[in-house]
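Here is the structure we will look at.
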Number of protein chains: 2
Amino acid sequence: MLNPLIRKLARGAELSADDRRTVEEAITDVRQIGPRQDLIREGDRPDEVHLILEGFACRYKTLADGQRQIMAFLVPGDICDLHVAILGAMDHGIGTLSACTVAFIPQTTVAVLAEKHPAIIRALWWNTLVDEGILREWLVSMGRRPADKQMAHLFCELLVRLESVGLAKDNGFEFPLTQEELADALGLSPVHTNRVLTQLRDDGLIRLSGKRLDILDLDRLCTYAGFDPAYLHLTKRRAS
Amino acid sequence: MLNPLIRKLARGAELSADDRRTVEEAITDVRQIGPRQDLIREGDRPDEVHLILEGFACRYKTLADGQRQIMAFLVPGDICDLHVAILGAMDHGIGTLSACTVAFIPQTTVAVLAEKHPAIIRALWWNTLVDEGILREWLVSMGRRPADKQMAHLFCELLVRLESVGLAKDNGFEFPLTQEELADALGLSPVHTNRVLTQLRDDGLIRLSGKRLDILDLDRLCTYAGFDPAYLHLTKRRAS
DNA sequence: CGGCATTTTGACAATCGTCAATCAGTGTGG
DNA sequence: CCACACTGATTGACGATTGTCAAAATGCCG
């Protein structure tokens, strides 16, 4: 399988064949991680960068009263913590949701890339900035969209993101999350999440069974959610 | 007055006297902007970077139905759009709230800095990453904190941020926003914002009159909000 | 003083959360 | 194969938070 990171970066930045090979070669330490494991905890200063190759992970914070807020879904091709080298300590945790395949890339390798392959670093920064755009859109969703549209918007976003790394087919994709985890991402209670999900199903917009999510009427779902993919900055080129 | 950007960057990164002078010299085009003016609109590709020197501005998005969500407050020392050069088009707007003094710095100047003063660029990236941390904390607030604690948390954050650029005194600062603008940042209705504000006042936690916000009992407000300033990454050094 | 934006208040409605029970699916051991 | 336990999904009843609408009060500025 083509490395999902390269596949994604190629959409937003210019990478030469040499750059791509360099990225491939940086991925040597690949590990299988079980579901619901922490990759990094708040306060850590990891000396490796983590790249998701398979599975779903998330950024999250846990409040003093035990509530959890998921701040981002990390899917194949996503880098978890490029910023730690600059920021110092992690201000949030990163954990797997499903079982994941994760590449551990030493900071020293990243530093070498920065030195010798500026195009790669630029592409990685592009990626980081897209993630920030996603974060902003989540904030908009939580602040100004009712729960049903917020959820619809999230599903639209995931479809586009997973398509960009070749993991969506026929407007559907693997979605190995419990409703409780989905609730933690939406800022809702699990019960209300269930009700909203039921409503979207009853409206014929989606089907969620087993661990697969199918979008039955993409146009209508996008309209319903007010989804405009511009914030994903994926328009430069088509997948090759 | 000491340039607030330099003051802030000095807290999180190492800048030599030469670096500081270089930053000073990059600020030549300084303009006065009235309140409620757009600096950049969604879709723009500005060829200047904007730096707030005085006043309050914000990042925002407007939905199709006219609702607005403010995604960040930009205060003196904050850079609005360092990322545009990498991302292409703006996926959100930036507008002033109060009257502002804004430095317009050409992208070419930034490119020269990147070439000749890596420490400055590194400091600017540090700043961008802190902004991302703030965004994550806002998401947590919106998702998992009730309105009163969310507002309390925001006030704690603003105090720390404004202190770091020398704009807070005696646990108070200029806060030139209407309640409607505050509501757009919190994701609340203006009416509910007013009620929560009244409650915080009645609890003796804050005073908000005219355009000044005073925190009357900082310890209690921080406890109430569950505020932990770690995410602001301002711990490396004291203000000099 | 008059005009206007902003703040404040009350009454009521909608959304969402909590609690508790039930149902469904899955895997285990006998 | 079935009994059992366990997790996750679903449903109902009810309560809390937040939104909406409309009016009144306040403050600011010419």
Side-chain angles (χ1 to χ4, degrees), chain A residues 34-36 56 63 65-70 97-99 140-154 174-203 206-213 224-225, chain B residues 34-37 56 63 65-70 96-99 140-154 174-203 206-213 224-225:
Chain A
R36 300 173 193 209
F56 269 61
L63 298 186
D65 61 2
Q67 290 188 99
R68 178 170 72 161
Q69 178 64 47
I70 289 177
L97 295 166
S98 68
V140 172
S141 273
M142 302 217 3
R144 291 302 186 205
R145 285 194 252 260
D148 52 355
K149 301 199 174 190
Q150 183 190 1
M151 189 183 290
H153 197 278
L154 174 63
E174 294 304 307
F175 187 70
L177 305 197
T178 66
Q179 291 183 13
E180 186 174 359
E181 291 163 336
L182 181 58
D184 282 343
L186 297 172
L188 301 172
S189 67
V191 173
H192 196 61
T193 300
N194 178 277
R195 296 205 155 103
V196 172
L197 212 39
T198 302
Q199 177 205 316
L200 292 182
R201 269 195 282 240
D202 291 348
D203 286 353
I206 63 164
R207 179 173 50 201
L208 177 58
S209 60
K211 304 236 162 281
R212 184 172 180 83
L213 175 68
Y224 186 68
Chain B
R36 299 172 195 212
Q37 303 293 311
F56 268 61
L63 299 187
D65 60 3
Q67 290 189 99
R68 178 171 71 161
Q69 177 65 46
I70 290 176
T96 61
L97 295 165
S98 68
V140 172
S141 274
M142 300 214 10
R144 289 302 185 204
R145 286 193 251 260
D148 50 356
K149 301 199 175 191
Q150 184 191 3
M151 189 182 290
H153 197 279
L154 174 62
E174 294 304 307
F175 187 71
L177 304 198
T178 65
Q179 292 182 12
E180 187 174 358
E181 290 162 336
L182 181 58
D184 282 343
L186 296 172
L188 302 172
S189 67
V191 173
H192 196 61
T193 300
N194 179 276
R195 296 204 156 103
V196 171
L197 212 39
T198 302
Q199 177 206 318
L200 293 182
R201 270 195 282 243
D202 291 349
D203 287 351
I206 62 163
R207 180 174 50 203
L208 177 56
S209 60
K211 304 235 160 281
R212 186 172 179 82
L213 176 68
Y224 187 67

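Below, each value reflects all heavy atoms present in this structure, side chains not excepted, and no hydrogens, waters or symmetry copies. Within every chain, numbering begins at 1; the chains are lettered A, B, ... in the order of the sequence lines, protein sequences first and strands thereafter.
In this structure, the nucleotide among dT10(D), dC16(C), dA9(D) sitting nearest to the side chain of Arg201(A) is dT10(D). Closest to the Ala147(B) side chain, of the nucleotides dG8(D), dT18(D), dT7(C), is dT18(D).
Thr193(A) OG1 to Leu188(A) CG: the interatomic distance, rounded to the nearest 0.5 Å, is 4.5 Å. Annotation: the span from Asp148(A) atom CG to His192(A) atom NE2 amounts to 7.5 Å, rounded to 0.5 Å. If you take CG on Leu97(A) and CG on Leu177(A), they are separated by 5.5 Å, rounding to the nearest 0.5 Å.
If you check residues 183-199 of chain B against DNA chain C, the residues with a heavy atom closer than 4.0 Å are Val191(B), Asn194(B), Arg195(B), listed by number.
Atom-to-atom, CG of Leu208(A) to P of dG8(D) comes out at 15 Å; the value is rounded to the nearest Å. Rounded to an integer number of Å, the gap from CG of Leu177(B) to P of dA5(C) is 19 Å. To the nearest angstrom, P of dG8(D) lies 14 Å from CG of Leu182(A). If you take CG of Asp148(B) and P of dT17(D), they are 9 Å apart, rounded to a whole angstrom. Distance Asp65(B) CG to dG19(D) P: 14 Å, rounded to the nearest Å. Atom CG in Leu97(A) sits about 15 Å away from atom C1' in dG8(D), given to the nearest Å. Between Arg145(B) atom CZ and dT17(D) atom P the separation is 17 Å, expressed in whole Å. Nucleotide dA14(C) holds its P atom 16 Å from the NZ atom of Lys149(A), rounded to whole Å.
In terms of position on DNA chain D, the residue among Arg144(A) and Lys211(A) whose nearest nucleotide sits closer to the 5' end is Lys211(A).
Ion pairing between a basic and an acidic side chain is recognised when a charged N comes within 4.0 Å of a carboxylate O; Glu180(A) and Arg68(A) show no such pairing.
The shortest heavy-atom contact between Met151(A) and Leu197(A) is SD-CD1, 3.5 Å.
For CZ of Arg212(A), the number of neighbouring non-hydrogen atoms (other residues, nucleotides, ligands) closer than 6.0 Å is greater than 12. Within a 6.0 Å radius of CZ in Arg201(B), more than 12 heavy atoms belonging to other residues, nucleotides or ligands are found.
A close approach under 4.0 Å does occur between a side-chain nitrogen or oxygen of Gln179(B) and OP1 or OP2 of dT8(C).
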